[in-house]
Structures are given as C-alpha cells and as structure tokens.
Amino acid sequence: MSSETISHGHAAEASVHSHDSHEAHGHDHHHEESFLSKYVFSTDHKMIGKQFLITGIIWAIIGGLFSVLFRLQLGYPEMSFPVLEDLFGKWAAGGRISNEFYYALVTMHGTILVFFVLTAGLSGTFANILIPLQIGARDMASGFMNMLSYWFFFLASVVMFASLFIQTGPASGGWTIYPPLSALGQASEGSKLGMDFWLISMALFIVSSLLGGLNYISTILNLRTKGMSMTRMPLTMWAIFFTAVLGVLSFPVLLSGAVLLLFDRNLGTSFYLSEIVVKGEILPNEGGSAILFQHLFWFLGHPEVYIILLPAMGMVSEILSVNSRKPIFGYLAMVGSLFAICILAFLVWAHHMFVTGLNPFLGAFFVLLTLLIAVPSAIKVFNWLTTLWRGNIRFTPGMLFSIGFVSLFISGGLTGIFLGNSTLDIHLHDTYFVVAHFHIVMGVASFFGMFAGVYHWFPKMYGRYLNNTMAYIHFWVTLVGSYLIFWPMHYSGLAGMPRRYTDWSNWQSFNQFQDMNRFISTVAMIVFAAQLLFVFNFFYSIFKGRKVTSTNPWGANTLEWTTPINPGHGNWPGDIPEVHRWAYDYGKDGREFIPQTEPIGADESKH
C-alpha cells in the first residue's frame, strides 16, 4: 500500500472518530423526531432518496400517461373518443386531441421524463441512498443542503404541474423549446404563460441539481471511511461521482439559456430574436441568434444524456457482478471509460445541430468526437458481457433488468453511429429514426437501470422484498414491449417520416405505416399498464412485502449490507467499519463472496 493511501487512511480515521463522537452525542435524541422532521423536512439521506424516488414515480405516471394520450391520436387519427372531451374540454373538442394540445403533450412528456424522472428520480434517489452507505459515511457532507436539493426539486415540480392547468395550456414548443417559437407569446397558445412557467420550473430544477451535485462530490471526496481509497469504491460510486461533475459543469449553461429566454420574452431584449415577422407585424428585435439558444441548450443537452445514463451504468455493473458471483471484469477500464465518457460528453453537442447550417468542416470534428464516444461505451459493453460469461448467474428481477439494460444499450447505441454521421443525419434528422434511437438508448435503457436499482436495493430501503411474480411480469412485458414500440420506428424514420406531426393520413407516402402506428400505440398502452403493475408492487411491498431477515440478502460485498436491516440516522449503530479490499471479491479462494470489511489473509490469492 502506498504512503499516500496510508496517510489518507489516517486522515479518514481521524474524521471518522470526530464524526462518531459527534454522532454519539446526537444519538440520544434519535427517537424524539416529529413526523415533519422525519418524513417531510428530513436531513437523513435515506429519507431524501425515498422522497426523490416517490416524486419521480408520480411524475413517471404523468409523463407516461401523456405518451399514451398522444399515441392514441397517432394510432387512431380518424377516430374520436368522447371521453377525451369530457376530460380535457376545449383541448379535445369533438373527442379528438387538438394540434395545440398534441404539442403540449409531446413537450411535457419529454420534459417530465428527461428531467424530473430520469435525472432527479434516478440520480437523486440512488446518489442519496447509496453514497453514504457505500463509502462508509454517517450522512451526506451537508444534510441541510441535501434537504434543500429535494425541496427545490419539489418546487420545480409544483410550478411545472401548475402549468398544466393554465387557461392557455402548458409549454408546447417541443422539450427543447427552441426560439423564436418559445420566445414570442403571440406565436402560439403554448408560448404564452405556460412557457414562462416551464422556464421558471427549469431554473428551480437546475438549482436543485447543483445543490445535490456539489453535495455528492464533496461527500465522495471527503467522507470515505478508513481504508476506502478511491480505487476500492464500488463502480456505482464512480458513476455517481462523474454524473455529479457533469451536472455541476453543464447545468449552469442551460440556466443562463433559460434566463436569457425569459428576458427576451418579458423584458424586450433580443438575445435570440432578429428580423422576425409575425402575422404581418414586423417585430423591432434585431441582432439576436436563435442558433445561440441551441448551442446553450445542447451544451447541457448532450452531457444530460450521460447524466441520465452513468448512474444506470454504475448500478448495472454492481448488480451484474453480485448476481454473476464473479468479480467485475476490468474494474480500472470501467472507471477509465466512465472518465472518457465524461470528457467526451462535453465535446459532441453540435451533433444535434448538423442541419442548422453548421460549417461542414466544423461538423467533421463533431462527427469524429461523436464516433469516438463509442469506444468507451464499447469497453463497458464488453466488460459487462465478460462479467456474465460463465458466471453462476442468479436471475433476480434486478439482474434481469440489468441484462435488459445491456441489450438496450447495445441496440440503441448502434443506431447512434448512423446519426453521428453528419451526411446520413441530413436525411435522418427529425424523423422517427431519431425518436427510436434516443428512446431506446437513453429513455428505456435508463429506466431499466433505474428498475434494476429499485429491485436490488429495495430491501435496504424498506426492509422488505418486492413481489417476484409481479417483477417478472413487469420485466418481460416492458422488455418485449419496448422493442416492439421503438424498433419499427427505425423503418418509418429511414423512409423519412417526420416526428412531431399529429396526423399523416393525408400523406400518400406515409399511409403505408398506418397499421404499424396502430400496432405501436396498442403496445404502448400495454407497456404503460405493466408500469402501473410495478407502481402497485412498489407501494404494496413497502407495507405488505415479505420481510427481509438477513442483513445481506444478496450475498454482496459492499458496505451498505453491513448496516442493520433498517438502519437509523447515522447508518451504523457502532463504529463505521474499516475497508480492507475492493468491492468485487466474488468466487475467490473457494469462497462465494468476501465482504470489503474482511482483512486480507496472509495466503490469499491476488485478484
């Protein structure tokens, strides 16, 4: 062991002891918490993680329901559904979703699922629950800041939810809200007050992400227990660490973009507007550039893809190793590929802008960097497959969702190579090919990572198991259904079918896809029903699930399984355990698993 590691260990030990004495002082008051301080304004990282998760689940139901509504319109454009008029009034007059409402549904579906579910729901949940438990800390570096992070997210949620009930409707310029459409209130109903609500909500959401991200970075760097060097951390911790770095560096850029858009909308500035005529009226704005907004948006927008994916990758690495009963293959290569993805994520944003008049010479650099990001992604895929290879695999629900993640990441990632090529992208841009690509690789794959995490760590969160039968039904319907929904879209996209259109029935060239559209819509409804089964399983199991009887139900090595079944605030009742080895000693020296807390034996083989 290097002197650096030893000195780090002493420093960690000192901080642990001071932390312990502080905790011991506060443990006497542990049982006197009120309902508000325990469940609402809690500073316990585990409770905050659950708050993020349950808020994310509520948003996922709303966002998923929106997709069912607009798939109803796409699959059955000639039919009217009177129940829609009963529910939505003027937005679905005559039982058919209006064009304006369709765009609002698409916009809110994208916003909710990308930001509120897959960013806050995924990172917020698992960063909070796992960081202190896996690195050996009593709590986050700042419990108060952690609580603020959730409540800013909650405020953002309230503002976004309120925008659904405004008379002129919610924002409806696509989830990317490109100006000038989003900058001019007179451009459409969805560009009026709903757009201001959208921008304010996103500003609050970004504050939440920054508070959380700074806390995650500080905790991982400063509060690791004695012996927990960076290279002994589980891959989940590395993934969440890099995710937080990505968020802290890229979210402020979107914040500036949103604030400038608010200025353009309400203060008469011209950051994004120049020489515009609306309904015969020449606007006075001059000198702005709508393309500037695209640069600001996608400078966050592409790192955002990895902010969503990296935590899922980290959890999948952990779950595959635990349930294959094998060490993760290529630990340092896995860390290195996370780092490479983190760097490259900032250098590819203009591949979303190949058709904006981007200089083709400049575009060539973005093509190269975009294709380069396939290299660390491929390293991860090969390492996951090699971890599975000849493993003693246990097909738990968490393991199935992890394997499903790898499948979706491969098939969705391969179509990214098409879109990363600027020449092909001219034809494919804004077609259903793009919808198919990013839904598989970013949307569904990340959801699979999230489901894997929930099934795997639910016993640690609530001291009970989720129902396995419901879990297996959930997995198979979701996996098969996701491929049946999004795979056919590649073919209609190759044929040039544009996204965001409400009705193609009058277009001879796209009529051939009507049966396929109806099929996709039907499957989408079935898959949505399977998610409601998961939601039922989740809330039922919190109260009625089979109780966990062992502190380490999966036979895992990481520190969270050394805590009591229902850990209190502070996680460990006595001293924080010391770490002696990496997290992946499975199937070694004739033993199924060796926890991180066990000292290395004199005659133990090297990993």
Side-chain angles (χ1 to χ4, degrees), residues 48-70 105-129 149-150 152-161 163-164 170-171 175-176 198 201-202 204-206 208-209 212-213 240 243 246-247 251 254 300-301 303-313 315 401 404-405 408 412 435 438-455 457-458 461 474 478 482 485-486 524 527-528 530-535 537-539:
I48 293 169
K50 291 173 192 174
Q51 290 174 326
F52 270 109
L53 181 57
I54 289 169
T55 313
I57 287 173
I58 293 165
W59 270 123
I61 296 167
I62 297 169
L65 188 61
F66 287 175
S67 69
V68 167
L69 289 171
F70 64 69
L105 287 173
V106 171
T107 302
M108 298 310 287
H109 164 77
T111 305
I112 287 166
L113 289 172
V114 169
F115 293 110
F116 287 24
V117 181
L118 290 173
T119 304
L122 184 54
S123 293
T125 300
F126 291 103
N128 273 304
I129 286 168
S149 160
Y150 172 72
F152 268 105
F153 168 50
F154 185 81
L155 273 177
S157 297
V158 168
V159 174
M160 193 66 82
F161 191 68
S163 79
L164 301 175
W175 78 280
T176 55
W198 192 99
S201 172
M202 285 310 299
L204 291 166
F205 176 82
I206 291 165
S208 156
S209 295
I240 287 167
T243 303
L246 281 171
F251 266 118
L254 181 62
L300 158 91
E304 170 66 15
V305 172
Y306 293 101
I307 288 169
I308 288 171
L309 265 173
L310 289 186
M313 287 176 164
M315 293 192 295
F401 274 101
F405 171 89
L408 289 155
V435 177
F438 79 78
H439 274 84
I440 290 178
V441 78
M442 181 181 87
V444 185
S446 299
F447 259 111
F448 268 59
M450 189 171 177
F451 288 138
V454 170
Y455 282 111
W457 279 288
F458 192 87
M461 287 189 247
H474 176 219
T478 309
S482 299
I485 291 167
F486 295 114
V527 170
F528 181 68
Q531 307 321 304
L532 295 180
L533 179 69
F534 164 75
V535 172
N537 190 3
F538 182 86
F539 288 107

Measure the shortest side-chain to side-chain distance between Leu246 and Phe251 over non-hydrogen atoms and say whether it is less than 4.5 angstrom.
no
Surrounding CZ of Phe438 (heavy atoms of other residues, nucleotides or ligands, distance under 6.0 Å), is the total greater than 12?
yes
Look at the aromatic rings of Tyr455 and Phe451 and report parallel, tilted or perpendicular, splitting at 30° and 60°.
tilted
Parallel under 30°, tilted from 30 to 60°, perpendicular over 60°: which one fits the rings of His439 and Phe486?
parallel
Would you find a donor on one side and an acceptor on the other, under 3.5 Å apart, between the side chain of Asn128 and the backbone of Gly124?
yes
Does any part of the side chain of Leu254, heavy atoms only, come nearer than 4.5 Å to the side chain of Glu304, both counted from C-beta?
no
I need the single residue from Ile307, Ile308, Ile112, Val305 that forms a side chain to side chain contact (heavy atoms under 4.5 Å, CB included) with Leu118. Which is it?
Ile308
Is the distance from the ring center of Phe458 to that of Phe538 below 6.0 Å?
yes
Apply side chain to side chain contact (heavy atoms under 4.5 Å, CB included) to Val114 and Met442, showing your working.
CA-CA 9 Å; Val114 169; Met442 181 181 87; 3.8 Å; yes
Check the surroundings of atom CZ in Phe154: do more than 12 heavy atoms from other residues, nucleotides or ligands lie under 6.0 Å from it?
no
In terms of ring plane angle, is the pair Tyr150 and Phe153 parallel, tilted or perpendicular, where the classes change at 30° and 60°?
perpendicular
Residues two or more places apart in sequence or in another chain: which of them pass side chain to side chain contact (heavy atoms under 4.5 Å, CB included) with Phe70?
Ser67, Leu74, Tyr102, Leu105, Val106, His109
Between Phe205 and Phe115, what is the ring plane arrangement, given parallel below 30°, perpendicular above 60°, and tilted in between?
perpendicular
